[in-house]
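Side-chain atoms are counted along with the backbone in the values below, which use heavy atoms only and exclude waters and symmetry mates. Quick note: residue numbers are just sequence positions, from 1.
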Amino acid sequence: MCCLYVLVIKFMCCLYRLCARYNRSLPELPKGHDHIARNNLEIKQLWNSKGESCPNGTIPIRRTSASDIISISKFGKKYSRKDIPGKSSHEHAIGYVDEGEFYGAKALLNVWKPTVIGNDFSLSQIWVLSNIQGRLANSIEAGWHVNPSENSDSLPRLFTFWTPNGYRSGCYNMLCPGFVQTSRTISLGAAIGPISTYNGEQYDVAFMIWKDPKSENWWLKVGNEVIGYWPSSLFTDLRNHATLIEYGGEVYSGSLGKHTSTQMGSGHFPDEGLGKAAYARNLEVIDSANNLNAPSNLQLYTDKPNCYGVTKGYGGVWHNYIYFGGPGYNSKCL
């Protein structure tokens, strides 16, 4: 593609030159996608805080330097809990469903600014995976992360990731060919806000990944904005459907010796509850008829519950939800 530099330092608007791949017709949204979820706010990004957007036929992308590529290749390798050996530097605290065929997932994640140490990263996201025994996992992921080694700051930023081969390779955002962006107003990799405060206001954003019945591509919606899609041709097993949906948090740390102090979510354990812990609420899955449904038999998993925990519940306007996160290093997590 060719690029037209505009507006804000570190961002530019890029002209579409994707005619063979970019179908300009909108996807078919899942039935029930617009149900009311109280307190959900639209995503706000610092680069367009005054209402800036790219001209028609262009999309916002974050400028990428050589140092960005080096830092991602060195520190940014991504994993699912399904692909990690026992002594991994990646730790998860998640809710998941793995019984059935899935065509997408949706959840509302509250936004935090966890403390991240050194070259660690911390994230909250949803995973849509095909995990068939004896085959390399396919995964599509979206959420927010704090990754100073990639972004040179500690702000929560919108991100996506995909892999076709069990995390042997993969790509963040639009750093390599794969994801096709269609939105003129949302930039992958840009900082998002407002940020939730401990014992104060909570701000959450809806993330939905689903397979469009018409194009059979996997689409991403954040808040009320359809961002773009991953062509189904990128994948092997995800060309059909997913077998595993996950919601929650992940921390990566390459530190040796004592456990990292990098926080997950708010940095507090899930039993502290609303206003104090990170959550994913209104958890839903999408079926073959493009319907949003409650997940059946939601299960929990955490690598080290004394470091990062997870609990689940059901009730009120949140329906299915989880609380997750923790401080990392403490007297019970050494």
Handout entry: Student check: side-chain heavy atoms of Val222 and Leu158 closer than 4.5 Å
Key = yes
Handout entry: Passing candidate, side chain to side chain contact (heavy atoms under 4.5 Å, CB included) with Leu123, options Glu141, Arg157, His145
Key = His145
Fill in the blank from the handout: Output for pair (Met208 CE, Trp219 CH2), nearest 0.5 Å, gives 11.5 Å
Practice task
Tell me, with the steps shown, if Ile126 and Ile245 meet side chain to side chain contact (heavy atoms under 4.5 Å, CB included).
Solution key: CA-CA 7 Å; Ile126 61 175; Ile245 303 296; 6.0 Å; no
Practice task
Please assess Phe179 against Ile227 for the test side chain to side chain contact (heavy atoms under 4.5 Å, CB included), listing each intermediate value before the final yes or no.
Solution key: CA-CA 10 Å; Phe179 184 79; Ile227 308 300; 4.1 Å; yes
Practice task
Using a 4.5 Å cut-off on heavy atoms from C-beta on, say whether the side chain of Asp204 contacts that of Leu109.
Solution key: no
Handout entry: Pair Glu216-Ser232, side-chain donor/acceptor within less than 3.5 Å
Key = no
Problem - is_close_aromatic(His259, Tyr329), centroid dist under 6.0 Å - result: no
Completion exercise
All heavy atoms of Asp303 vs all of His90, minimum pair found to be OD2-O, 4.1 Å
Exercise for the section: Please report the closest heavy-atom contact between Gln263 and Val251, naming both atoms and the distance. Expected result: O-CG2, 3.8 Å
Handout entry: Main-chain N/O of Gly328 paired to Asn330 side chain as donor or acceptor, under 3.5 Å
Key = yes
Exercise for the section: Taking the side chain as every heavy atom from C-beta outward, state whether Pro27 and Val226 have any pair of such atoms under 4.5 Å apart. Expected result: yes
Fill in the blank from the handout: In this structure, CH2 of Trp230 is separated from CH2 of Trp162 (nearest 0.5 Å) by 10.5 Å
Practice task
Decide yes or no for Gln181 and Ser183: does some side-chain heavy atom of the first lie under 4.5 Å from some side-chain heavy atom of the second?
Solution key: yes
Practice task
Walk me through it: do Leu292 and Lys106 pass the test side chain to side chain contact (heavy atoms under 4.5 Å, CB included)?
Solution key: CA-CA 8 Å; Leu292 279 159; Lys106 181 180 180 182; 4.0 Å; yes
Exercise for the section: Report the C-alpha distance between Leu188 and Phe159 in whole Å, list the side-chain angles of each, state the deciding distance to 0.1 Å, and finish with yes or no for side chain to side chain contact (heavy atoms under 4.5 Å, CB included). Expected result: CA-CA 6 Å; Leu188 299 179; Phe159 84 96; over 6 Å; no
Exercise for the section: Supply the atom-to-atom distance Trp210 CH2 to Asn217 CG, rounded to the nearest 0.5 angstrom. Expected result: 11.0 Å
Completion exercise
For Gly309 and Ala93 the tightest heavy-atom approach is O-CB, 3.5 Å
Problem - Ring centre gap for His92 and Tyr301 strictly below 6.0 Å - result: no
Problem - side chain to side chain contact (heavy atoms under 4.5 Å, CB included), paired with Asn290, selected from Lys211, Lys214, Glu28 - result: Glu28
Problem - Ile117 backbone acceptor or donor facing Thr262 side chain under 3.5 Å - result: yes
Exercise for the section: May I ask you to decide if Leu129's main-chain N or O and Asn138's side chain share a donor-acceptor pair within less than 3.5 Å? Expected result: no
Problem - Side-chain donor or acceptor of Trp144 paired with backbone N/O of Trp112 under 3.5 Å - result: no
Practice task
Run the ring-centre check on Tyr323 versus Tyr321 and record whether the distance is less than 6.0 Å.
Solution key: yes
Fill in the blank from the handout: Taken to the nearest 0.5 Å, the spacing of Ser149 OG from Phe121 CZ works out to 8.5 Å
Problem - Under 3.5 Å donor-acceptor, Trp218 side chain and Leu238 backbone - result: yes
Practice task
Without swapping roles, check the side chain of Thr163 against the backbone of Ser169 for a donor-acceptor pair under 3.5 Å.
Solution key: yes
Problem - Tyr198 reachable from Phe269 in the ILVMFWY side-chain graph, under 4.5 Å edges - result: no
Problem - Within residues 231-244 or reaching into it, pairs that qualify as salt bridge (Lys or Arg N to Asp or Glu O under 4.0 Å) - sequence neighbours excluded - result: Arg135-Asp237
Handout entry: Heavy-atom donor-acceptor pair, Thr243 side chain to Asn131 backbone, under 3.5 Å
Key = yes
Exercise for the section: Measure the shortest side-chain to side-chain distance between Tyr167 and Ser139 over non-hydrogen atoms and say whether it is less than 4.5 angstrom. Expected result: yes
Completion exercise
Nearest heavy-atom approach of Leu220 to Ala142 is CD1-CB, 3.7 Å
Practice task
Could you tell me whether Trp318 and Tyr279 have their ring centroids closer than 6.0 angstrom?
Solution key: yes
Handout entry: Residue pair Lys258 / Leu334, side-chain heavy-atom distance below 4.5 Å
Key = no
Handout entry: Under 3.5 Å: donor-acceptor pair, side chain of Asn282, backbone of Asn320
Key = no
Problem - Ionic contact status for Glu91 with Lys304, cut-off 4.0 Å - result: yes
Problem - Least distance between heavy atoms, Gly95 atom then Val310 atom - result: N-CG2, 4.5 Å
Problem - Evaluation steps, ring-ring contact (aromatic ring centres under 6.0 Å, His included), between Phe102 and His241 - result: CA-CA 6 Å; Phe102 307 107; His241 59 266; 8.6 Å; no
Problem - Distance (rounded to the nearest 0.5 Å) between Glu272 CD and Asn199 CG - result: 9.5 Å
Practice task
Find out whether Pro164 and Leu234 are in side-chain contact, i.e. whether some heavy atom of one side chain is under 4.5 Å from a heavy atom of the other.
Solution key: no
Handout entry: Sub-4.5 Å side-chain heavy-atom contact between Ser296 and Val97
Key = no
Practice task
For Tyr247 and Glu284, indicate whether the former's side chain and the latter's backbone hold a donor-acceptor pair under 3.5 Å.
Solution key: yes
Practice task
For the pair Lys113 (side chain) and Ser196 (backbone), establish whether a donor and an acceptor sit closer than 3.5 Å, ignoring hydrogens and angles.
Solution key: no
Completion exercise
Correct closest heavy-atom pair for Leu155 and Ala191 would be CD1-CB, 3.9 Å
Handout entry: Side chains of Ser253 and Asp120, donor plus acceptor under 3.5 Å
Key = yes
Problem - Distance, nearest 0.5 Å, that separates CD1 of Ile286 from CD of Glu101 - result: 14.5 Å
Exercise for the section: Any chance you could lay out the side-chain hydrogen bond (donor to acceptor under 3.5 Å, both in side chains) test for Tyr229 and Thr182, step after step, and finish with the verdict? Expected result: CA-CA 8 Å; Tyr229 64 90; Thr182 60; over 6 Å; no
